[in-house]
Amino acid sequence: MSIIKAVQDWLSEYEGMSMRPLSEIRTDLTEEQPSSYALAAAGNTSTKAVTGTRHYTNSYIFYAKESAQNEVDRQDNNDFLERLTEWIETQADKGYLPELPGQYVAEGIEVSNGMLLDLYEDGTGLYQVQIQFTFYKRS
């Protein structure tokens with residue numbers, strides 16, 4: 001299992017994700033029609049501690065393609081992003097983090113910038129939430 005798959009599995013535990021099964025939550029790109037979700041890698045960094053342990057920060061963008069034709073749709077979409085953000089923060093505060101493969105150990109997860117990214121002529125909108133995931137590799 002990859003790190004991104006571990007984060008996808010963890011996100012799928014959010015009750016608000018029950019609208020679509022995890023197998024339909026794509027990597028990198030949403031489907032053409034709403035509702036569609038994807039998790040895309042958005043860069044990473046690593047540092048090596050004095051002890052020799054390597055620490056990583058992976059950045060992801062969670063995309064949600066939803067109907068955005070009217071005010072009610074757009075309010076519902078923003079409510080979804082707010083609830084997802086709150087769920088991620090609550091899980092992190094509890095220390096409940098993604099289960100990682102091999103010798104990797106999760107340290108923390110943060111979320112920011114829930115917003116409408118783009119509106120399309122067909123009446124759909126692409127929304128995003130940025131996620132920063134920190135972990136280390138046991139030596």
Side-chain angles (χ1 to χ4, degrees):
M1 174 183 356
S2 65
I3 302 295
I4 193 170
K5 176 73 169 127
V7 175
Q8 285 173 316
D9 289 349
W10 182 78
L11 285 171
S12 74
E13 295 177 24
Y14 170 57
E15 291 177 1
M17 294 301 294
S18 62
M19 294 183 283
R20 297 185 64 87
L22 178 63
S23 62
E24 293 184 37
I25 297 175
R26 303 177 59 150
T27 301
D28 296 329
L29 301 171
T30 61
E31 295 175 358
E32 288 292 320
Q33 299 299 315
S35 296
S36 178
Y37 308 110
L39 189 65
N44 58 32
T45 61
S46 70
T47 58
K48 194 169 187 178
V50 175
T51 61
T53 303
R54 184 159 298 279
H55 293 261
Y56 302 89
T57 299
N58 284 7
S59 297
Y60 298 101
I61 299 176
F62 175 82
Y63 293 110
K65 187 167 189 179
E66 297 288 354
S67 177
Q69 293 184 17
N70 60 51
E71 184 67 17
V72 172
D73 288 340
R74 292 186 297 275
Q75 287 175 348
D76 287 347
N77 296 337
N78 280 288
D79 184 51
F80 169 74
L81 294 181
E82 288 174 12
R83 287 182 286 123
L84 176 63
T85 296
E86 183 178 315
W87 182 85
I88 291 170
E89 291 170 342
T90 299
Q91 299 311 305
D93 290 347
K94 291 178 184 177
Y96 181 70
L97 300 168
E99 292 288 324
L100 300 180
Q103 296 181 333
Y104 294 104
V105 178
E107 290 184 296
I109 195 162
E110 295 180 9
V111 63
S112 61
N113 299 323
M115 68 176 137
L116 173 66
L117 184 63
D118 204 355
L119 278 174
Y120 302 104
E121 289 182 21
D122 66 355
T124 60
L126 185 64
Y127 294 81
Q128 77 168 33
V129 173
Q130 295 175 340
I131 297 171
Q132 301 288 318
F133 180 48
T134 55
F135 57 99
Y136 66 92
K137 185 175 183 180
R138 288 188 215 117
S139 30

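Here, residue 1 is the first one in the sequence, and each next residue gets the next number. This one's a predicted model, so the numbers in the text were calculated from it and none came from an experiment.
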In chain order, what residues pass the salt bridge (Lys or Arg N to Asp or Glu O under 4.0 Å) check against Arg83, with sequence neighbours excluded?
Asp79

Any chain of hydrophobic side-chain contacts (each under 4.5 Å) joining Leu81 to Leu119?
yes

Exercise answer: donor-acceptor pairs, residues 126-136 side-chain atoms, under 3.5 Å, sequence neighbours excluded:
unit_1 : atom_1 : unit_2 : atom_2 : d
Tyr127 : OH     : Asn77  : ND2    : 3.2
Gln130 : OE1    : Asn113 : ND2    : 2.5
Gln132 : OE1    : Ser59  : OG     : 2.9
Gln132 : NE2    : Ser59  : OG     : 2.9
Thr134 : OG1    : Gly108 : N      : 3.1
Thr134 : OG1    : Gly108 : O      : 3.2

Please tell me whether Tyr60 and Asn58 have a donor and an acceptor in their side chains that are separated by less than 3.5 angstrom.
yes

Honestly curious: do Val7 and Leu29 fall in one hydrophobic cluster under the side-chain, below-4.5 Å linking rule?
no

Check: Glu86 main-chain N/O paired with Thr90 side-chain donor or acceptor under 3.5 Å
yes

Taking every heavy atom of Gly125 against every heavy atom of Ala68, the minimum-distance pair comes out as N-CB, 3.8 Å

State the CG-CD1 distance between Leu39 and Ile4, to the nearest 0.5 angstrom.
4.5 Å

Is there a chain of hydrophobic side chains (I, L, V, M, F, W, Y, each step under 4.5 Å between heavy atoms) that links Ile61 to Trp87?
no

Atom OH in Tyr14, atom OG1 in Thr85: separation rounded to 0.5 Å?
9.0 Å

So which atom in Leu97 and which in Ala92 form the shortest heavy-atom distance, rounded to 0.1 Å?
CD2-CA, 4.1 Å

Hey, what do you get for OG1 (Thr27) to NZ (Lys5), rounding to the nearest 0.5 Å?
8.5 Å

Specify whether Tyr37 and Phe62 have parallel, tilted or perpendicular ring planes, treating 30° as the upper limit for parallel and 60° as the lower limit for perpendicular.
parallel

Taking the side chain from Ser36 and the backbone from Glu31, do they hold a donor-acceptor pair closer than 3.5 Å?
yes

Does any non-hydrogen side-chain atom of Val105 lie less than 4.5 Å from one of Arg138?
yes

Could you tell me the separation between the CD atom of Glu66 and the CZ atom of Arg74, rounded to the nearest 0.5 Å?
13.5 Å

Quick check on Gln75: does its CD atom have over 12 non-hydrogen neighbours (other residues, nucleotides or ligands) under 6.0 Å away?
yes

What heavy-atom pair brings Ala6 and Leu100 nearest, and what distance separates the two atoms?
CB-CD2, 3.8 Å

Between Trp10 and Tyr63, is there shared hydrophobic-cluster membership here, with clusters defined by ILVMFWY side-chain heavy atoms closer than 4.5 Å?
no

Where do Leu116 and Asn78 land on the side-chain contact (heavy atoms from CB on, under 4.5 Å) test, with the steps shown first?
CA-CA 8 Å; Leu116 173 66; Asn78 280 288; 5.8 Å; no

If two hydrophobic side chains count as joined below 4.5 Å and joins carry through other members, does Leu84 share a cluster with Tyr96?
yes

Rounded distance (nearest 0.5 Å) linking atom NE2 of His55 with atom NZ of Lys137
13.5 Å

Distance (rounded to the nearest 0.5 Å) between Lys65 NZ and Tyr120 OH:
5.5 Å

